[in-house]
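Only this structure's heavy atoms are used, side chains among them; waters, hydrogens and symmetry mates stay out. Residues: numbered from 1 along the sequence shown.
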Amino acid sequence: MALHEHSLAGVLLASGKFTPDTIKTVMKEPGLDPVSACQRLIDLGFISEEDLLKILGRYFDLPLVSLKHYQGSNLYIEKIPEQFMREARLVPLELKETTLVVAISNPFSAAALEAVEQATGYRTEACLARSEEIAQAIGTLFSSEVSSMDRIIENIGRDGDGDLGDEDNVDHLKDLASEAPVIRLVNLIISRAIELQASDIHLEPFEKSFLIRYRIDGVLHDMESPPKNLQAAIISRIKIMSKLNIAERRLPQDGRIKLRVLGKEIDFRVSTLPTLFGESVVMRILDSESITFDLHTLGFPSDNLSKFEDLISRPYGIVLVTGPTGSGKTTTLYSALNQINSPDKKIITVEDPVEYQLHGVNQIHVKPSIGLTFANTLRSILRQDPDVVMIGEIRDAETAEIAIHAALTGHLVFSTLHTNDAPGAITRLLEMGMEHYLVSSSLQGILAQRLVRVICSQCREEYDANPETLPELPVSPFARGAIRLARGRGCEHCANTGFRGRSGIYELMMVTDEIRHLVLSQADSRALKDQARAQGMQTLREAGWHKVLEQVTTGSEVIRVTQVE
């Protein structure tokens with residue numbers, strides 16, 4: 001159906017969004033085509049592109065779709081060039097037998113759809129989408145289909161068992177890492193990780209192999225790996241991107257990369273480590289566009305959330321978050337800072353490294369190589385008159401002592417410790433040499449946490465709970481037979497794992513007068529835990545079983561990340 005200037009004006013007026021004067025102003029230029037007229041309406045701020053597409057969608061009887069989660073890695077049509085898609089502002093979505101569903105942002109030109117039909121031999125079925133989302137989808141489509149790993153390796157021009165030359169020759173490595181096929185191979189490794197929503201990329205050298213693994217939802221997965229003889233070229237390329245010294249292979253190095261991948265600005269924290277068969281490289285993916293620092297989205301039970309919000313709103317004292325590496329401690333602390341951040345508070349953080357930037361927060365990246373350690377930095381920032389201080393990690397007695405004194409002199413201090421549970425944090429501080437009375441006076445609360453994988457929403461299925469296999473369920477044994485749990489079968493959406501995304505389980509220990517009395521009397525960790533449970537603390541394992549009952553995760557996940565009580 002063609003839509004010309006006069007009928008376009010009628011459709012816009014009928015929508016009730018425009019006055020005749022507005023239409024007249026926009027279309028005053030003679031010979032203005034509908035596409036240009038619509039773009040002028042958007043550019044002049046009369047209407048958003050999405051609202052305009054809704055109006056046109058009703059006229060053309062075309063649905064409006066969102067491409068925010070577009071994953072078209074298997075939809076590349078060889079006969080539709082990337083340049084044509086960008087110029088025509090269209091992208092293929094799915095193939096239904098002999099009909100190709102195509103998203104367009106310009107419903108006026110039937111010529112583009114006819115060209116697709118002639119090039120592919122398929123009949124087209126159109127739907128509308130925002131032009132920005134179409135551009136990002138095209139980027140996703142072509143970045144994921146640049147070439148398979150096998151095709152890229154073939155282009156390097158070496159046999160899989162061949163030798164790529166002298167790996168000790170720095171100039172040779174630079175030249176090799178700058179070749180287009182090697183660049184494409186590294187880009188493919190990175191873009192696949194982003195598509196699969198991995199948090200880390202591991203490149204690991206062994207005697208006869210070079211492995212690539214992605215950490216997805218906290219679990220490592222083997223990926224298609226290049227041959228061993230490309231190891232030096234790939235690692236050299238990553239080190240060049242990270243601005244690291246490619247000639248230094250005897251010492252660990254740390255660097256950062258900032259890239260635009262699949263339409264998003266993404267930071268990578270790069271770590272190299274010399275091993276027996278070459279350098280091991282780990283790339284931590286920091287996607288600031290996809291993460292939101294909101295305590296209400298982290299999986300807190302309502303009672304723990306209200307208690308934790310009370311802790312972070314106190315004027316002074318220490319609030320600790322404990323757990324192993326990768327348990328989400330930094331995200332929890334950033335979310336807490338984001339919640340209390342206001343113009344009347346000065347917040348300073350000391351981190352190693354700074355992972356995400358928080359607006360309105362003064363963040364410091366420690367550099368031990370030049371003497372900028374946690375302890376030295378803390379001494380200086382306390383003279384900056386902060387209200388809130390976040391210490392990335394309490395690693396030694398000196399840092400712990402300064403943190404405690406800061407809390408006792410009117411500062412709210414957030415930090416992390418590597419302990420298995422909340423009561424263990426008190427024991428750890430005492431083992432560092434802190435006085436009992438200082439610990440009991442300064443501590444306000446301790447949050448231990450873990451991350452469990454969430455059951456995939458696309459392939460979840462319910463089943464009757466088996467009382468023999470889940471004896472720890474926090475319900476009456478007589479009621480277990482009536483309980484239905486959930487699990488994931490495995491599908492394309494979750495890469496056949498049955499899980500997609502993660503949620504936190506929490507053990508929150510409020511430091512009450514009773515707990516302080518036990519600390520002063522030098523009670524052990526078991527006594528502290530018993531008292532905390534008596535006053536309502538839920539252990540990590542118990543919190544995990546509640547997530548199982550709520551059909552958020554599975555019993556095997558809880559057992560995987562928590563210890564036996």
Side-chain angles (χ1 to χ4, degrees), residues 1-72 75-77 79-142 263:
M1 181 191 303
L3 187 61
H4 299 290
E5 180 184 335
H6 297 297
S7 56
L8 172 62
V11 170
L12 296 177
L13 282 172
S15 71
K17 298 277 188 181
F18 304 94
T19 64
D21 290 340
T22 300
I23 301 297
K24 186 177 180 181
T25 300
V26 171
M27 297 186 171
K28 62 183 179 181
E29 296 181 15
L32 188 70
D33 62 272
V35 177
S36 301
C38 288
Q39 192 59 50
R40 285 201 65 191
L41 286 169
I42 297 169
D43 293 342
L44 294 173
F46 287 115
I47 192 171
S48 68
E49 181 183 14
E50 186 170 355
D51 288 341
L52 182 58
L53 287 175
K54 288 178 181 177
I55 294 171
L56 296 176
R58 287 193 293 270
Y59 181 86
F60 284 104
D61 194 23
L62 295 177
L64 178 63
V65 299
S66 170
L67 303 183
K68 289 182 180 179
H69 303 293
Y70 176 81
Q71 296 183 11
L75 297 173
Y76 179 60
I77 306 298
K79 298 177 181 178
I80 312 178
E82 179 182 4
Q83 187 63 28
F84 172 78
M85 289 190 194
R86 294 193 181 279
E87 291 176 355
R89 290 188 292 181
L90 61 82
V91 65
L93 298 185
E94 63 176 316
L95 188 62
K96 298 178 180 177
E97 297 180 352
T98 59
T99 300
L100 183 65
V101 181
V102 179
I104 58 174
S105 64
N106 171 15
F108 308 109
S109 176
L113 294 176
E114 291 175 0
V116 171
E117 291 181 351
Q118 291 177 1
T120 63
Y122 299 127
R123 190 176 70 85
T124 58
E125 177 184 314
C127 56
L128 296 179
R130 293 175 55 232
S131 55
E132 181 182 350
E133 291 186 0
I134 286 179
Q136 291 179 356
I138 294 171
T140 299
L141 182 59
F142 282 88

*Indicate yes or no for a side-chain donor-acceptor contact from E117 to the backbone of T124 under 3.5 Å, with no hydrogens or angles considered.*
yes
Using every non-hydrogen atom in the two residues, find where [X] and [Y] come nearest and quote the distance to one decimal.
{"X": "I134", "Y": "S105", "answer": "CD1-N, 3.4 Å"}
{"X": "A126", "Y": "I104", "answer": "CB-CD1, 4.0 Å"}
{"X": "P92", "Y": "L100", "answer": "CB-CD1, 4.1 Å"}
{"X": "V101", "Y": "C127", "answer": "CG1-SG, 4.3 Å"}
{"X": "L93", "Y": "L67", "answer": "CD2-CD2, 3.7 Å"}
{"X": "R86", "Y": "A135", "answer": "NH1-O, 3.7 Å"}

*For residues F84 and L90, determine if any side-chain heavy atom of one lies less than 4.5 Å from a side-chain heavy atom of the other.*
yes
*Roughly how far, to the nearest 0.5 Å, is CG of D51 from CG of L56?*
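Result: 11.0 Å between the selected atoms.
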*Partners meeting side chain to side chain contact (heavy atoms under 4.5 Å, CB included) with E50 (sequence neighbours left out)*: S48, K54, L64, R130
*Using side-chain hydrogen bond (donor to acceptor under 3.5 Å, both in side chains) as the criterion, list what pairs up with E114, not counting sequence neighbours.*
none
*For S66, enumerate each residue passing the side-chain hydrogen bond (donor to acceptor under 3.5 Å, both in side chains) test, keeping only those at least two apart in sequence or located in another chain.*
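Scan of S66 (side-chain hydrogen bond (donor to acceptor under 3.5 Å, both in side chains), adjacent residues dropped) gives none.
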_Of V102, T99, L62, L113, the residue whose pairing with E125 passes side chain to side chain contact (heavy atoms under 4.5 Å, CB included)_ = T99
